[in-house]
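Keep in mind that what you see is a predicted model, and the values were worked out from it rather than measured. The figures that follow rest on heavy atoms only: side chains count, while hydrogens, waters and symmetry mates do not.
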Amino acid sequence: MPHELIAGLEAGAVVLLALLLVPKRGVDHLRERFSDLHSGRRRWLFEPLVLRGGQRARNVAIDAAEVFELGVPLYVVGRLAEQRSAQLDLERQSRWVDSPKALLAAHLKGAINEAELHGQLKSRGLPLPATKAVAAKVEARPLISVKWWLERQAMAHAMAEPNGDSPGKRAWIGPPAEGPEDENATEDTEDAEPADASADPSYLSIRTFGRIELRQAGQDYALVLIGKPVLAYIWLYLFVRGLLEPGGRVDRGAFADEYSPGLSPERQRKRLRDRLGDMFKRDLPAVLSSRLIADRTELRLDLSRCSIDIVHLQELAKQCTAKYGMLSGDLAAEAGRILEETEGEFLPDWEEIEKETNGGRGGAAEYVSTLRQVADTARVDIMGALAANHLARQEPRKAIPLLEQALERQPQREDLARKLRAAYLETGQHLRAIEIQKDHSLDA
């Protein structure tokens with residue numbers, strides 16, 4: 001065999017070995033991630049497994065892509081750590097069955113009556129629940145005089161006229177936090193979202209799962225924002241607070257301390273003021289900087305005229321669960337589409353951005369973690385609703401993979417376990433039904 005061919009094969013083997021061993025994606029925070037997996041605070045090393053069908057070739061391709069992306073050592077260690085996290089989840093679930101909270105939940109669901117609840121609590125040496133509150137007795141009060149009310153209205157109107165504060169002349173900035181103040185206001189306002197927000201060039205379409213996208217008029221501004229981690233931290237922090245709280249108003253001094261922990265208050269305020277100036281002047285496009293509203297005391301992000309995937313996910317989950325098992329064809333198709341679009345982690349780049357900005361010393365990670373839990377619950381609710389729809393239509397085989405993935409994400413959901421047991425029984429998989437019944441302590 002020619003020496004040149006042998007040398008080429010050896011070089012190819014070295015390159016292949018390097019490709020299989022070296023990770024291709026960012027591996028920051030690995031120590032924290034493995035620590036969370038070991039203690040059961042985290043379920044997956046990077047992100048949940050995608051929903052897989054029954055095609056062997058497709059599953060092999062997905063596994064091969066993951067091995068290539070993470071490298072063989074990291075892939076194997078990550079899967080072992082994820083198995084330990086799953087075992088810890090099952091152990092917590094087994095302990096949950098005998099806990100006071102589980103007994104109270106069973107009582108609220110009607111599985112046991114109050115006498116049985118008290119008996120089981122006493123047998124375990126647990127304290128009894130507090131006595132139910134009794135509504136206070138409503139006392140009759142004299143009616144307000146109509147004459148007095150009319151006089152007060154006339155006085156208020158007379159005091160408001162000199163200042164030009166008459167109805168219809170109120171000034172506002174941005175959309176109302178909880179709807180129009182005037183009860184006669186029509187719902188067809190300028191800020192009302194059109195049927196297809198993506199067709200309106202003034203709308204900002206925000207994608208948060210798997211990757212961050214900020215699209216307006218067909219252009220994605222996410223790369224511009226992520227390319228400036230310090231400014232991205234400010235914008236995304238206010239975005240997260242806007243999702244969690246009506247109005248999303250953040251105290252400026254408190255945010256300065258969150259943004260620059262460890263500095264003196266004067267330096268914190270100056271650093272924040274400089275960065276806000278950069279956002280407004282040159283470093284961010286107007287599409288993003290114009291949504292930042294700052295005054296002397298507060299900061300907030302204007303989320304009007306936005307189409308946000310996590311908001312749509314929650315709304316669709318509420319619609320699906322309200323149908324109690326029977327979805328229309330359009331709603332089922334929309335539910336399946338939203339599950340595909342929201343695969344992956346919510347704000348996957350957040351930890352890296354926060355670490356580069358303040359060394360990960362702030363408390364913003366709790367807000368992001370809360371939204372990740374909200375999104376995970378919404379996805380599980382949609383999976384359960386789709387599975388219930390298949391069961392109602394006598395399609396148990398289509399319901400099984402949805403219920404298995406939903407229970408893998410939230411193993412404490414007894415309602416999903418019962419549906420999965422029913423689907424197993426309808427398809428003749430009695431051994432699996434017995435395993436589910438035993439693992440989740442279901443009634444026979």
- prompt: Are any of the side-chain heavy atoms of Asp381 and Cys320 separated by less than 4.5 Å?
  reply: no
message: Using every non-hydrogen atom in the two residues, find where Ala232 and Leu225 come nearest and quote the distance to one decimal.
response: CB-O, 3.3 Å
- request: Using the side-chain hydrogen bond (donor to acceptor under 3.5 Å, both in side chains) rule, take Ser260 and Arg271 through it: C-alpha gap first, then chi angles, then the decisive distance, then the call.
  value: CA-CA 8 Å; Ser260 306; Arg271 184 170 183 250; 2.7 Å; yes
message: Is the shortest side-chain heavy-atom distance between Arg421 and Arg418 below 4.5 Å?
response: yes
message: Minimum heavy-atom separation for Glu354 and Ala365, please, with both atom names.
response: OE2-N, 3.7 Å
field: Any side-chain donor near an acceptor of the partner, Glu334 and His312, under 3.5 Å
entry: yes
message: Please report the interatomic distance CZ(Phe239) to CD1(Ile212), rounded to the nearest 0.5 Å.
response: 8.5 Å
statement: Value for CG (Leu244) from CD (Glu366), rounded to nearest 0.5 Å, stands at 11.5 Å
- request: Look up atom CZ in Arg300 and atom CD in Glu245, then write down how far apart they are to the nearest 0.5 Å.
  value: 13.0 Å
message: Quick check: closest heavy atoms across Leu272 and Ala256, and the distance to 0.1 Å?
response: CD2-CB, 3.9 Å
- prompt: So, Asp302 versus Ser304: side-chain donor-acceptor pair below 3.5 Å or not?
  reply: yes
With Thr342 via side-chain contact (heavy atoms from CB on, under 4.5 Å) - residues at least two apart: Phe209, Leu313, Ile338, Arg379
task: Scan side-chain atoms only and decide if Gln410 and Thr377 contain a donor-acceptor pair under the 3.5 Å cut-off.
output: yes
message: Which heavy atom of Arg291 sits nearest to which heavy atom of Cys306, and what is that distance?
response: NH1-SG, 3.3 Å
field: Rounded distance (nearest 0.5 Å) linking atom CD1 of Ile436 with atom CG of Leu403
entry: 9.5 Å
field: Minimum heavy-atom distance between Arg372 and Pro348, given as atom pair plus value
entry: NH2-CA, 4.4 Å
query: Aromatic rings Tyr237 and Tyr367: how do their planes relate, parallel, tilted or perpendicular, breaks at 30° and 60°?
result: perpendicular
task: Indicate whether any N or O donor in one side chain lies under 3.5 Å from an N or O acceptor in the other, for Asp309 and Thr208.
output: yes
- line: Separation between CD (Glu352) and CD1 (Ile226), nearest 0.5 Å, reads 10.0 Å
message: Measuring from atom CG of Leu214 to atom CG of Leu236, what distance do you get when rounded to the nearest 0.5 angstrom?
response: 7.5 Å
query: Looking at Glu298 and Arg249, does any basic side-chain N land under 4.0 Å from a carboxylate oxygen?
result: yes
message: Between Glu258 and Tyr233, does the side-chain contact (heavy atoms from CB on, under 4.5 Å) criterion hold? Intermediate values first, please.
response: CA-CA 11 Å; Glu258 174 84 15; Tyr233 176 85; 3.3 Å; yes
query: Taking side chain as C-beta onward, heavy atoms only, is Phe255 less than 4.5 Å from Ile234?
result: yes
message: side-chain contact (heavy atoms from CB on, under 4.5 Å), that's the test. Do Leu243 and Leu371 meet it? Break it down for me.
response: CA-CA 8 Å; Leu243 292 177; Leu371 284 174; 3.9 Å; yes
query: Is it true that atom CZ of Arg337 has more than 12 heavy atoms of other residues, nucleotides or ligands lying nearer than 6.0 Å?
result: yes
- request: Sort and list the pairs that fulfil salt bridge (Lys or Arg N to Asp or Glu O under 4.0 Å) and have at least one residue in residues 201-226, not counting sequence neighbours.
  value: Arg211-Glu213, Glu213-Arg215
Contact check, side chains of Leu204 and Ile308, non-hydrogen atoms, under 4.5 Å: no
- prompt: Can Glu404 and Lys419 be counted as an ion pair, charged N to O under 4.0 angstrom?
  reply: no
- prompt: Given Leu288 and Val224, is the side-chain contact (heavy atoms from CB on, under 4.5 Å) satisfied, shown in steps?
  reply: CA-CA 10 Å; Leu288 303 181; Val224 179; 5.6 Å; no
Name each donor-acceptor pair under 3.5 Å that joins a side chain in residues 383-390 to protein atoms two or more places apart or in another chain, with its distance.
unit_1: Asn389; atom_1: OD1; unit_2: Leu327; atom_2: N; d: 3.0
unit_1: Asn389; atom_1: OD1; unit_2: Arg393; atom_2: NE; d: 2.9
unit_1: His390; atom_1: ND1; unit_2: Glu395; atom_2: OE1; d: 2.9

query: How about Lys228: does its NZ atom have over 12 heavy atoms from other parts shown lying under 6.0 Å from it?
result: yes
statement: Minimal heavy-atom distance between Ile382 and Ala335, with the atoms involved, is CG2-CB, 3.7 Å
- request: Answer whether the closest heavy-atom distance between the side chains of Arg252 and Leu276 falls below 4.5 Å.
  value: yes
- prompt: Would you call Val311 and Leu303 a side-chain contact if the rule is heavy atoms closer than 4.5 Å?
  reply: no
message: With a 4.5 Å cut-off on side-chain heavy atoms, are Tyr203 and Gln216 touching?
response: no
- prompt: Less than 4.5 Å apart, any side-chain heavy atom of Leu420 and any of Leu407?
  reply: yes
